[in-house]
Amino acid sequence: MIVRTLDECKNSERAINGGNWESVRMLLKDDNMGFSFHITTIFAGTETPIWYQNHLESVYCMSGEGEIETCDDGKVYQIRPGTLYILDKHDKHLLRATKDMQMACVFNPPLNGKEVHDENGVYALEAETVTD
């Protein structure tokens, strides 16, 4: 069994700041679960271009407000607490926060822990591994 608290992970190498966001990576590839689990805060007043070419992601909004715009068709979806969005087609999108949004995120394949978005909003498939 693996037991971790959000506070423990926030005070470790598992907390990654990406400028517009902070991701606390509570479950990673080396935990051997087949997915990774993160609590991510998207900071108010930011717009983040994202395109997970190598990963599928499900995102559940726990608090805050914002919107997601899909780049291929320009559709805009409001994000509020209780909203789940699923990037099941490697959707290129813009994520905007009007209030800090705290999100629970699941990635498949799992992240190693050090990933940050490249110039295209992509996470590398295999980044450096975090150790506890």
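For reference, positions follow the sequence shown, starting with 1.
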Transitive ILVMFWY side-chain link Y52 to L94, under 4.5 Å = no

Side chains of E57 and F35: does their closest heavy-atom pair fall under 4.5 Å?
-> no

Out of curiosity, does V59 fall in the hydrophobic cluster containing L56 (side-chain heavy atoms, cut-off under 4.5 Å, transitive links)?
-> no

With salt bridge (charged side-chain N to carboxylate O under 4.0 Å, His left out) as the test, would you mind laying out the steps for D31 and R4 before giving the verdict?
-> CA-CA 12 Å; D31 293 313; R4 295 186 178 112; 2.9 Å; yes

Output all residues satisfying side-chain contact (heavy atoms from CB on, under 4.5 Å) with F37, sequence neighbours left out; order by chain, then residue number.
-> M26, L27, I39, A104, V106

Heavy-atom side-chain proximity of L95 to I42 below 4.5 angstrom | yes

Heavy-atom nearest pair, P81 first then G64, reads CD-O, 3.2 Å

Quick check: does any side chain N or O of D91 sit under 3.5 Å from a backbone N or O of K89, one acting as donor and the other as acceptor?
-> yes

Can you find a heavy atom in the side chain of R25 that is under 4.5 Å from one in the side chain of I16?
-> yes

Take atom CE of M33 as the centre, draw a 6.0 Å sphere, and report whether it contains more than 12 heavy atoms from other residues, nucleotides or ligands.
-> no

M62, V24: one ILVMFWY side-chain cluster at the under-4.5 Å cut-off?
-> yes

Indicate yes or no: does R96 engage E69 in a salt bridge with an N to O separation below 4.0 Å.
-> yes

Would you check, one step at a time, whether the test side chain to side chain contact (heavy atoms under 4.5 Å, CB included) holds for H93 with L87?
-> CA-CA 9 Å; H93 60 283; L87 302 166; 3.3 Å; yes

Hey, what do you get for CD (E67) to NZ (K75), rounding to the nearest 0.5 Å?
-> 15.0 Å

What class does the angle between the rings of F107 and H55 fall in, given that below 30° is parallel, 30 to 60° is tilted and above 60° is perpendicular?
-> perpendicular

Quick one: CE on M101 to SG on C61, what's the gap to the nearest 0.5 Å?
-> 6.0 Å

Evaluate the criterion side chain to side chain contact (heavy atoms under 4.5 Å, CB included) for residue pair L111 and H38; output intermediate values, then yes/no.
-> CA-CA 10 Å; L111 300 187; H38 315 207; 3.1 Å; yes

Stepwise side chain to side chain donor-acceptor pair (under 3.5 Å) check, N20 with T48 | CA-CA 7 Å; N20 292 351; T48 306; 3.1 Å; yes

Hey, are the side chains of E22 and T40 touching, using non-hydrogen atoms and a 4.5 Å cut-off?
-> no

Under the side-chain contact (heavy atoms from CB on, under 4.5 Å) rule, collect the residues that match up with I86, sequence neighbours excluded.
-> S58, L84, D88

Are the side chains of I79 and Y77 in touch, meaning some heavy atoms are under 4.5 Å apart?
-> no

Is the shortest side-chain N to carboxylate O distance from D73 to K92 below 4.0 Å?
-> no

Is a side-chain donor-acceptor pair under 3.5 Å present for S12 with R14?
-> no

Y60 OH to T83 OG1 distance, which is reported to the nearest 0.5 Å | 8.0 Å

Nearest atoms (heavy-atom pairs only) where A97 meets F43 = CB-O, 3.4 Å

